[in-house]
A.B. asks: 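Pasting a structure below so you can have a look.
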Amino acid sequence: MQLNQLTERDNYFEDFVVGEVMKHVRSKTLEPLEQVLITNMVMNTASGHFDEEVMKLHPMGKRLSFGGVNIAMFVGIASQDTAENAIAELSMDKIRLQGPVFHGDTLTSYTEVLEVGPAEREDAGVVRFRHLGTKQDGSIVFEGERTVLIKRRSHWGTR
């Protein structure tokens, strides 16, 4: 089996066009186990993520999902279309968490291609994406930019 048979045919560097907007096919319902497990693993001990009784008295009324988990989920959802042929993640910036996310919310990602350009190596190019994340009610709860080094089909498409 060739390496190129393991990825889709339309997400090499040459396939990304500035201005293109994608709604990623899969959404993901955030399960309490995922949120609590990852939050514990990164040692975020804020009561807002773990203590249901404390949060009943908080204006939000229930536990919140940790923003780091939310960012990872939204970028992860987008990765099948934006990073399947990635060589390296170069940067993430302009991250904005714009609203609360709770256990049980269903997350959906959208991506806009902001910039495509050459890389220092001839077998890849650089693509800058803007990601948006929404909840089931359509509200935007995440926004951020991500720059990725992506394989060129001209060099990798036959391997």
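Every value quoted in this text rests on a predicted model; they were computed, and no experiment measured them.
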A.B. asks: Quick one: does R146's side chain get under 4.5 Å of S79's, heavy atoms only?
C.D. replies: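 Result yes, sub-4.5 Å side-chain heavy-atom pair found.
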A.B. asks: Which of parallel (below 30°), tilted (30 to 60°) and perpendicular (above 60°) describes F74 and F142?
C.D. replies: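 Taking F142 first and then F74, their aromatic rings lie parallel (interplane angle under 30°).
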A.B. asks: Does any non-hydrogen side-chain atom of H49 lie less than 4.5 Å from one of V36?
C.D. replies: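 V36 vs H49: side chains apart.
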A.B. asks: Assess the residue pair S109 and Q80 against the criterion (side-chain contact (heavy atoms from CB on, under 4.5 Å)); give the C-alpha distance rounded to whole Å, side-chain angles, the decisive distance to 0.1 Å, and a yes or no.
C.D. replies: CA-CA 11 Å; S109 286; Q80 182 176 3; over 6 Å; no
A.B. asks: So which heavy atom on G67 is nearest to which on L97, and how close?
C.D. replies: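 Distance-wise, the nearest heavy atoms are CA-CD1, 3.6 Å.
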A.B. asks: Starting from the C-alpha separation in whole Å, work towards a yes-or-no answer on side-chain contact (heavy atoms from CB on, under 4.5 Å) for E34 and M73.
C.D. replies: CA-CA 10 Å; E34 297 163 327; M73 289 289 188; 3.8 Å; yes
A.B. asks: Rounded to the nearest 0.5 Å, how far apart are CZ of R63 and CZ of F50?
C.D. replies: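 Output value for this atom pair is 8.5 Å.
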A.B. asks: Go through the steps for T108 and K23 under the test side-chain contact (heavy atoms from CB on, under 4.5 Å), then give the verdict.
C.D. replies: CA-CA 8 Å; T108 301; K23 177 184 179 194; 3.8 Å; yes
A.B. asks: Answer yes if M55 and F102 sit in the same cluster of Ile, Leu, Val, Met, Phe, Trp and Tyr residues linked by side chain heavy atoms under 4.5 Å apart, and no otherwise.
C.D. replies: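 Shared cluster, yes.
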A.B. asks: With a 3.5 Å distance limit and no angle check, can you tell me whether K135 reaches the backbone of P100 through a side-chain donor-acceptor pair?
C.D. replies: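 Yes, K135 side chain to P100 backbone: donor-acceptor pair under 3.5 Å.
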A.B. asks: Going by heavy atoms in the side chains, are N85 and R153 under 4.5 Å from each other?
C.D. replies: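 With C-beta onward as the side chain, the pair stays apart.
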A.B. asks: Going by atom types only, do N11 and D81 share a side-chain donor-acceptor pair under 3.5 Å?
C.D. replies: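 Checked: N11/D81 side chains show no N/O donor-acceptor pair below 3.5 Å.
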A.B. asks: So which atom in V54 and which in S47 form the shortest heavy-atom distance, rounded to 0.1 Å?
C.D. replies: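 Heavy atoms only, the tightest pair is CG1-CB, 4.3 Å.
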A.B. asks: Can you tell me how far apart NE2 (H103) and CD (E52) are? Round to the nearest 0.5 Å.
C.D. replies: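 It comes to 7.5 Å.
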A.B. asks: Hey, could you give me the CG/CZ distance between L114 and F129, rounded to the nearest 0.5 Å?
C.D. replies: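 Between atom CG of L114 and atom CZ of F129 there are 9.0 Å.
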A.B. asks: How long is the gap from CD on E112 to CD on E20, to the nearest 0.5 Å?
C.D. replies: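 Output value for this atom pair is 10.0 Å.
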A.B. asks: Once salt bridge (charged side-chain N to carboxylate O under 4.0 Å, His left out) is applied, do any residues pair with E14, and if so which ones, sequence neighbours excluded?
C.D. replies: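 For E14, no residue satisfies salt bridge (charged side-chain N to carboxylate O under 4.0 Å, His left out) once neighbours in sequence are set aside.
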A.B. asks: Taking the side chain as every heavy atom from C-beta outward, state whether Q35 and F66 have any pair of such atoms under 4.5 Å apart.
C.D. replies: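 Sidechains of F66 and Q35: in contact.
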A.B. asks: Between A124 and I87, what is the shortest heavy-atom contact and its length?
C.D. replies: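 Answer, listing the atom of A124 first, then I87: CB-CD1, 3.7 Å.
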A.B. asks: When clusters are formed by joining ILVMFWY residues with side-chain heavy atoms under 4.5 Å apart, either directly or through shared neighbours, do L37 and V42 land in the same one?
C.D. replies: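 Looking at the clustering, V42 is in a separate group from L37.
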A.B. asks: Taking atom OG1 of T45 and atom CG of N40, what is their separation to the nearest 0.5 Å?
C.D. replies: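 With rounding to 0.5 Å, OG1 (T45) is 9.5 Å from CG (N40).
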A.B. asks: Search all heavy atoms of T111 against all heavy atoms of A78 and return the closest pair with its distance.
C.D. replies: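 Shortest heavy-atom contact: OG1-CB, 3.8 Å.
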A.B. asks: OG1/T106 to CG/D137 distance, rounded to the nearest 0.5 angstrom?
C.D. replies: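 That separation rounds to 10.5 Å.
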A.B. asks: In plain terms, say whether K94 and E143 are close enough for a salt bridge, that is, a side-chain N and a carboxylate O under 4.0 Å apart.
C.D. replies: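 Not counted as a salt bridge, because no side-chain N and carboxylate O are separated by less than 4.0 Å.
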A.B. asks: Membership question, hydrophobic clusters at under 4.5 Å side-chain separation (ILVMFWY): are V148 and V126 in the same one?
C.D. replies: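 Unlinked, V126 and V148 end up in two clusters.
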A.B. asks: Is there a path of hydrophobic side-chain contacts, each under 4.5 Å between heavy atoms of I, L, V, M, F, W or Y residues, that connects L30 with I38?
C.D. replies: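 L30 and I38: one cluster.
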A.B. asks: Minimum heavy-atom separation for E89 and A83, please, with both atom names.
C.D. replies: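 Taking E89 first and A83 second, the nearest heavy atoms are OE2-CB, 4.1 Å.
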A.B. asks: Quick one: does M22's side chain get under 4.5 Å of V113's, heavy atoms only?
C.D. replies: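 Contact flag for M22/V113 side chains = yes.
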A.B. asks: Going hydrophobic residue to hydrophobic residue with side-chain gaps under 4.5 angstrom, can you get from F16 over to Y12?
C.D. replies: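 No, because F16 and Y12 fall into different hydrophobic clusters, even though each may have its own neighbours under 4.5 Å.
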A.B. asks: Quick one: does T82's side chain get under 4.5 Å of H131's, heavy atoms only?
C.D. replies: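 Side chain of T82 against side chain of H131, heavy atoms only: contact under 4.5 Å found.
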A.B. asks: For T29 and G104, work out which heavy atoms get closest and say how close.
C.D. replies: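 Closest approach of T29 to G104, heavy atoms only: CG2-O, 3.5 Å.
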A.B. asks: Take L107 and V101, measure what side-chain contact (heavy atoms from CB on, under 4.5 Å) needs, and give me the verdict at the end.
C.D. replies: CA-CA 9 Å; L107 310 179; V101 174; 4.0 Å; yes
